[in-house]
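First the structure, in the form of structure tokens, and then the observations on it.
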There are 2 protein chains.
Amino acid sequence: MSTRRATISDVAREAGVSPSTASVVFSGKTPTSEATRARVLAAADALGYTGPDPRAASLRRGRSGIVGVVFDTHLGTAFLDPVTTHMMDGLADGVSRLGAALLLLRDDGETVSEPSLHTAPIDAAVLIGCSPRMRDSLEIVRGRGIPVVVVEGDAGEGVPQVLLDNAEAQRAAAQHVADLGHRDVVIVTLPIDTSRRRGWVTADEPVRVDVTADRLAGAREVFPRAPVLAAATSSIDEGAIAGRTIFGDPSRRPTAVIAQSDLLAAGVIRAAEEAGLRVPHDVSVTGFDGVVVDGLAPHVLTTLVQPATAKGRAAGEAVAAMLEDDEPSGLDLTCTFRVGTTTAPPPTT
Amino acid sequence: MSTRRATISDVAREAGVSPSTASVVFSGKTPTSEATRARVLAAADALGYTGPDPRAASLRRGRSGIVGVVFDTHLGTAFLDPVTTHMMDGLADGVSRLGAALLLLRDDGETVSEPSLHTAPIDAAVLIGCSPRMRDSLEIVRGRGIPVVVVEGDAGEGVPQVLLDNAEAQRAAAQHVADLGHRDVVIVTLPIDTSRRRGWVTADEPVRVDVTADRLAGAREVFPRAPVLAAATSSIDEGAIAGRTIFGDPSRRPTAVIAQSDLLAAGVIRAAEEAGLRVPHDVSVTGFDGVVVDGLAPHVLTTLVQPATAKGRAAGEAVAAMLEDDEPSGLDLTCTFRVGTTTAPPPTT
DNA sequence: TTGTATGCGTTATCAA
DNA sequence: TTGATAACGCATACAA
């Protein structure tokens with residue numbers, strides 16, 4: 001039992017070949033004779049050598065095989081959203097042709113823990129989200145000369161982005177609601193800024209989160225005067241809170257609610273039912289995302305199905321392309337409008 | 001614009017100091033005079049040097065600052081379970097004193113993508129889950145001489161584990177149900193093996209997943225003859241499917257259902273209500289996990305609150321300890337029984 | 001407080 | 001098909 005781990009040189013010596021030959025046996029980059037190959041492998045086995053040290057290899061190669069995924073929230077929170085988990089799914093897929101693994105990174109601007117964005121051994125980065133803070137993260141990464149892709153954020157100059165047609169999609173859904181005859185509509189939005197304040201939003205209030213702003217703009221094209229209620233986060237319980245606010249006063253109940261996410265919509269539906277309203281008979285509800293909301297059955301949400309997995313995959317592929325010096329193709333993805341069982345004409349009073 | 005990125009030597013030369021001095025300025029390991037420090041920083045700025053190359057640093061140090069988290073399922077699937085997300089949360093916390101980031105690794109035995117378990121530049125690994133396949137992953141990692149912690153899996157000899165008192169906790173909950181007077185009970189389990197087959201389980205059928213087996217054993221201590229129904233996964237919809245099976249035949253309805261997860265329990269409750277049964281008046285339901293089930297309100301599940309975040313944190317801390325050559329303290333965590341509003345005495349017929 | 005010297009473990013290049 | 005050589009970029013022990 002030697003005290004230190006065997007290196008490829010040890011293996012080479014044991015096998016009676018040069019280190020470079022031993023290296024080649026492991027990398028397979030150059031043909032080797034079956035005999036030497038066997039000898040090297042045997043030597044490795046004897047010495048308990050399990051393969052090249054990835055740290056040394058990545059120094060030499062200039063590549064670590066790791067792609068950083070940067071969030072601006074607590075990781076637990078991020079993964080509570082099915083859209084995020086599906087996106088991670090696609091991302092894992094998209095980078096798989098690189099054979100890269102994903103490194104979870106959180107940049108909240110505060111924590112000075114390492115490895116941070118500044119020091120992580122990543123070949124590329126994917127920034128998730130759209131908070132203003134992402135701009136800083138972006139600068140850090142670009143400063144390091146690391147290729148980066150932004151998913152649904154305002155990246156600016158020359159950064160490949162994966163975007164959704166949020167405004168247009170939401171407009172289409174709102175139009176569907178209008179076409180059904182609804183005039184009395186409330187819009188429930190995702191958080192409007194990083195403070196995550198909950199409550200009614202006045203018309204002139206700035207909306208700092210891109211996704212929220214875009215979807216809101218789309219809905220307002222159809223319903224310019226609809227009251228807007230911001231949720232603190234995207235969850236069923238938040239949607240229920242919003243719903244109780246909306247349906248609390250029977251004299252001012254809308255006939256339809258446009259929610260900016262499926263989770264919010266599910267909560268709104270729950271609140272409506274609590275208030276004795278039937279969906280869609282008494283009130284119509286639309287969502288956004290097209291995720292499977294566990295527990296929503298038997299309702300099928302009228303919603304905009306966003307290609308969450310594809311979004312991740314596109315980001316992954318963009319990253320892969322950049323690392324292979326291909327064109328860093330950004331991508332505009334489109335949502336599909338799906339009519340479910342939660343929208344109908346307004347009740348005939 | 002030079003064609004290659006500046007190194008610390010370039011910075012040192014520019015600043016008129018030695019490389020080691022420049023290095024020290026960045027690492028802060030040795031005091032430097034304010035003057036040289038400023039000069040080095042200025043030089044770095046001028047050259048666009050953003051800090052030491054992590055690949056080189058980690059080779060030199062023998063540390064990458066990365067902890068691998070190994071799953072045996074599709075990552076998207078894993079993150080769909082709140083227990084997992086909470087655990088990741090705690091894990092991120094637990095390793096934070098190391099200042100380590102988390103690398104997502106999937107080992108399904110098939111994919112040959114790199115970096116895999118074999119080649120990822122990780123300082124330590126955390127194995128999540130308990131499938132038989134984990135044994136292989138364990139061998140790979142140990143072969144590399146990398147410290148590893150197993151969370152709720154059967155690790156065997158000398159591997160620190162983070163365990164839950166699954167059997168005892170489930171026994172306690174079952175006893176509570178028995179104490180309420182229930183005799184007619186059905187147990188709904190998590191998947192019993194990797195095939196994830198759904199359906200009734202015969203008494204002699206082997207249960208290959210540790211968690212499932214342990215919880216089942218605990219319940220059977222109290223209800224040795226209770227019928228057992230396996231779910232294909234842990235979700236509300238799966239629970240509803242199980243619930244429909246259970247309540248489908250009015251002549252054979254149990255008065256209580258012991259579910260092995262909160263998500264399953266929520267689904268069972270939903271199915272019960274669909275069948276016109278009131279919870280807990282007509283049927284009692286218990287869960288396991290103590291997670292917040294989005295959308296379950298107003299019910300409060302009678303369940304076993306497992307310290308999911310603590311579980312992750314414990315794993316993280318165990319890893320941290322091992323890397324600091326402390327005792328690799330494994331940990332046995334205990335669940336807390338919580339009486340909610342979903343259990344009551346059986347209906348008096 | 002700063003500088004010198006050395007090697008961490010690999011792999012790419014090129015010549016044999 | 002194999003081997004010699006030379007980096008990759010840095011951090012540390014030690015001397016000054």
Side-chain angles (χ1 to χ4, degrees), chain A residues 2-40 43-44 47-65 114-115 118-121 123 144-145, chain B residues 2-41 43-44 47-65 114-115 118-121 123 144-146:
Chain A
S2 71
T3 174
R4 90 186 209 303
R5 292 194 72 74
T7 72
I8 204 168
S9 302
D10 299 329
V11 173
R13 195 177 319 112
E14 174 88 8
V17 301
S18 77
S20 49
T21 302
S23 171
V24 152
V25 166
F26 283 101
S27 73
K29 295 242 177 187
T30 308
T32 52
S33 78
E34 194 45 56
T36 51
R37 183 183 147 74
R39 240 164 349 117
V40 168
L47 269 54
Y49 180 80
T50 57
D53 180 328
R55 289 178 288 257
S58 76
L59 170 59
R60 179 56 236 231
R61 292 198 160 115
R63 284 281 173 85
S64 66
E114 319 278 329
H118 301 274
T119 63
D123 295 337
R144 288 179 64 190
Chain B
S2 70
T3 172
R4 93 186 205 305
R5 292 195 73 73
T7 74
I8 204 166
S9 304
D10 300 329
V11 173
R13 196 178 317 113
E14 174 88 7
V17 299
S18 78
S20 60
T21 302
S23 171
V24 153
V25 166
F26 283 101
S27 74
K29 296 244 176 186
T30 307
T32 51
S33 77
E34 194 45 58
T36 50
R37 184 183 146 73
R39 229 149 17 99
V40 168
L41 258 27
L47 270 53
Y49 180 80
T50 57
D53 180 326
R55 290 178 286 256
S58 75
L59 170 59
R60 180 58 235 242
R61 291 196 160 114
R63 285 283 173 84
S64 65
E114 319 278 328
H118 300 274
T119 63
D123 295 337
R144 289 180 63 189
I146 292 174

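Below, chain A is the first sequence line, B the second, and so on; all start at residue 1. Since we're looking at a predicted model, the values are computed, not measured.
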Worksheet item: If you look at every strand shown and take non-hydrogen atoms under 4.0 Å, does A:Val17 touch a base, only sugar-phosphate, or nothing?
Response: sugar-phosphate
Discussion item. Measuring only between side-chain heavy atoms, which start at C-beta, is B:Thr7 closer than 4.5 Å to B:Asp53?
Written reply: no
Discussion item. Can you identify which nucleotide, out of D:dT5, D:dT12, D:dC10, has its nearest atom closest to the B:Arg61 side chain?
Written reply: D:dT12
Worksheet entry | Sugar-phosphate, base or nothing in reach of B:Thr36, heavy atoms under 4.0 Å | sugar-phosphate
Worksheet item: Closer than 4.0 Å, any side-chain N/O of B:Ser58 to the OP1 or OP2 of D:dC10?
Response: no
Worksheet entry | Any B:Ser23 side-chain nitrogen or oxygen under 4.0 Å from OP1 or OP2 of D:dA11 | yes
Practice prompt. Describe the nucleic acid contact of A:Ser20 in one word from base, sugar-phosphate, nothing, applying a heavy-atom distance below 4.0 Å.
Written response: base
Worksheet item: Is atom CZ of A:Arg37 surrounded by more than 12 heavy atoms (other residues, nucleotides or ligands) closer than 6.0 Å?
Response: no
Discussion item. Need two values: the first and the last nucleotide of DNA chain C, 5' to 3', having an atom under 4.0 Å from any heavy-atom of chain B.
Written reply: C:dT1 to C:dG9
Discussion item. Within the 4.0 Å heavy-atom criterion, would you say B:Leu59 contacts the bases, only the backbone, or no part of the nucleic acid?
Written reply: base
Discussion item. Suppose the criterion is salt bridge (charged side-chain N to carboxylate O under 4.0 Å, His left out): which pairs have a residue in residues 56-65 of chain B, not counting sequence neighbours?
Written reply: none
Name the atoms and distances for all side-chain donor-acceptor pairs under 3.5 Å in residues 17-28 of chain B, with sequence neighbours left out.
unit_1, atom_1, unit_2, atom_2, d
B:Ser18, OG, B:Ser20, N, 3.4
B:Ser18, OG, B:Ser20, OG, 3.0
B:Ser18, OG, B:Thr21, N, 3.3
B:Ser18, OG, B:Thr21, OG1, 3.1
B:Ser27, OG, B:Lys29, N, 3.2

Worksheet item: Is there side-chain contact between B:Arg144 and B:Thr119, with at least one heavy-atom pair below 4.5 Å?
Response: no
